[in-house]
Q: 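A single structure is presented below for examination.
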2 protein chains.
Amino acid sequence: MSQTDLEAVVRANHELFMLTGDRVTDLVGRHGLTLATAQALWVVDPEEAPPSMKVMSERLHCNAPNLSFVTNQLVDRGLVERLTDPHDRRSRVVRLTAEGRRVRGEIIAGTLERTPFAALGAGELRELAKLLAKVLGAADRERAGGTSAVAAR
Amino acid sequence: MSQTDLEAVVRANHELFMLTGDRVTDLVGRHGLTLATAQALWVVDPEEAPPSMKVMSERLHCNAPNLSFVTNQLVDRGLVERLTDPHDRRSRVVRLTAEGRRVRGEIIAGTLERTPFAALGAGELRELAKLLAKVLGAADRERAGGTSAVAAR
DNA sequence: GGTGTTACTTCGAGACTCGAACTACTTTCA
DNA sequence: TGAAAGTAGTTCGAGTCTCGAAGTAACACC
């Protein structure tokens with residue numbers, strides 16, 4: 001019954017996403033954020049070069065106008081700043097402020113405490129991470145094959 | 001680095017949920033539905049007794065007014081009908097129409113074709129289903145323990 | 001029968017998302 | 001060089017989704 005397993009997996013993935021969201025709503029609310037803005041903050045990794053709006057909209061699966069809207073909220077709250085990319089002046093780059101780094105850290109830490117996935121042991125978690133990485137890898141390759149090849153990240 | 005695995009899992013959960021949504025948007029649109037209404041249709045299992053609005057709102061992690069709104073759309077499209085539960089006349093029960101059963105079947109089948117999870121083999125899928133079921137089970141037990149015990153489903 | 005509780009709906013407001021149209025900049029190519 | 005085409009973002013307007021507050025109907029418990 002592989003079909004049944006597949007359906008169970010899709011359902012569980014949905015359920016766990018919603019459940020994690022439920023448990024995190026208060027936490028992000030305390031920082032004046034919503035789930036949507038918190039997700040946007042999450043995908044700005046302070047360890048790497050500040051992402052462009054285009055990159056962020058891909059990571060968040062939303063379109064450009066939506067990202068402008070969400071980014072404005074983060075700017076208004078002083079969590080990120082919008083800079084013009086000197087290498088391509090069409091492009092705007094989103095950089096965390098000191099406060100943004102702090103809030104992002106708290107939100108990620110709080111999410112990892114609250115998510116139901118935290119109930120797994122280290123071994124199971126590793127196993128799960130491996131399986132999900134495989135699914136994402138396949139999706140990436142599929143996307144690259146579907147359109148003409150794009151530079152992989 | 002169990003912390004890193006946990007973060008990767010939470011991220012992958014989000015990414016795969018969004019990715020599945022992206023791939024299914026056209027399909028549900030062809031049936032005059034959106035992702036939100038399609039989810040509502042999904043949780044009405046024709047094999048079991050028609051769920052009450054309350055049960056559906058729990059399954060969808062939304063509140064009562066929202067579910068009324070979404071249910072109205074399904075009723076308008078002739079996919080479900082709203083009936084008063086004879087055992088408790090406060091309660092409304094949502095039952096699929098013949099058309100609703102057909103559309104629900106197509107949407108689920110189409111989703112299982114398109115979801116990135118379909119890239120896994122049967123063995124991996126089974127393994128993944130088992131891990132996710134364990135996470136959901138832990139979340140259920142946690143919920144039951146947190147509040148005073150509620151009859152488990 | 002009265003009081004409190006539960007299930008649902010309606011209403012109004014806010015948050016989110018998107019397409020269309022626009023600006024600014026870069027790339028291409030003749 | 002310079003015009004044409006393409007790309008990155010923004011603004012605007014509309015539609016969808018979500019929620020809290022208030023209201024209605026029915027149950028439950030004395």
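Order of the sequence lines sets the chain letters (A, B, ...), proteins ahead of strands, with each chain counted from 1.
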Q: Between A:Val28 and A:Thr34, which heavy-atom pair has the shortest distance, and what is it?
A: CG2-C, 3.9 Å
Q: Taking for each residue the nucleotide of DNA chain C bearing the nearest heavy atom, is the 5' side occupied by A:Arg92 or by A:Val70?
A: A:Val70
Q: The side chain of B:Pro65 is closest to which nucleotide in this list: D:dC27, C:dC11, D:dT10?
A: C:dC11
Q: Output the rounded distance in Å from CG (A:Leu67) to P (D:dG9).
A: 8 Å
Q: Just how far, in rounded Å, is C1' of D:dC17 from CG of B:Leu60?
A: 13 Å
Q: What nucleotide, of D:dA26, C:dT17, C:dC18, holds the atom closest to the side chain of A:Ala36?
A: C:dT17
Q: Measure the distance from CG on B:Asn72 to P on C:dT10 and round it to the nearest whole Å.
A: 6 Å
Q: Check every strand shown and say whether B:Ala64 touches a base, only sugar-phosphate, or nothing at a heavy-atom separation below 4.0 Å.
A: base
Q: Can you check the B:Arg89 CZ to C:dT6 C1' distance for me, whole Å?
A: 15 Å
Q: For B:Ser68 and C:dT10, is the shortest distance between a side-chain N/O and OP1 or OP2 below 4.0 Å?
A: no
Q: Measure CG/B:Asp22 against C1'/C:dT17 and give the value in whole Å, please.
A: 13 Å
Q: Is there a donor on the side chain of A:Arg90 or the base of C:dT26 sitting less than 3.5 Å from an acceptor on the other?
A: no
Q: In whole angstrom, what separates B:Gln39's CD from D:dT18's P?
A: 10 Å
Q: Can a side-chain donor-acceptor contact be found between B:Ser68 and B:Thr71 if the only test is distance below 3.5 angstrom?
A: no
Q: Distance-only, no hydrogens or angles: does the A:Arg104 side chain make a donor-acceptor pair with backbone N or O of A:Leu41 under 3.5 Å?
A: yes
Q: Give one of base, sugar-phosphate or nothing for A:Asp88, where a contact means two heavy atoms less than 4.0 Å apart.
A: sugar-phosphate
Q: I need the CG-C1' distance between B:Asn66 and C:dG14, as an integer number of Å.
A: 13 Å
Q: What is the nucleic acid contact for A:Gln73, judged by heavy atoms within less than 4.0 Å: base, sugar-phosphate only, or nothing?
A: sugar-phosphate
Q: Testing the basics here: between B:Val70 and B:Ala40, what is the closest heavy-atom pair and its distance to 0.1 Å?
A: CG1-CB, 3.6 Å
Q: OP1 or OP2 of C:dT6 versus the side-chain N and O atoms of B:Ser91: is any pair under 4.0 Å?
A: no
Q: Taking all non-hydrogen atoms of both residues into account, name the closest pair between B:Glu99 and B:Gly78 and its distance.
A: CB-O, 4.1 Å
Q: How close or far is atom C1' of C:dA7 from atom CG of B:Leu83, stated in whole angstroms?
A: 15 Å
Q: Less than 4.0 angstrom between a side-chain N/O of A:Asn63 and OP1 or OP2 of C:dC18, yes or no?
A: yes
Q: Considering all heavy atoms of both residues, which atom of B:Leu60 and which atom of A:Met18 are nearest to each other, and what is their separation?
A: O-CE, 3.7 Å
Q: OP1 or OP2 of D:dA8 versus the side-chain N and O atoms of A:Ser52: is any pair under 4.0 Å?
A: no
Q: Start at the 5' end of DNA chain D and walk down; is the nucleotide closest to B:Phe69 or to A:Arg82 reached first?
A: A:Arg82
Q: Given that A:Val93 and A:Met18 both sit by DNA chain D, which one's nearest nucleotide is further toward the 5' end?
A: A:Val93
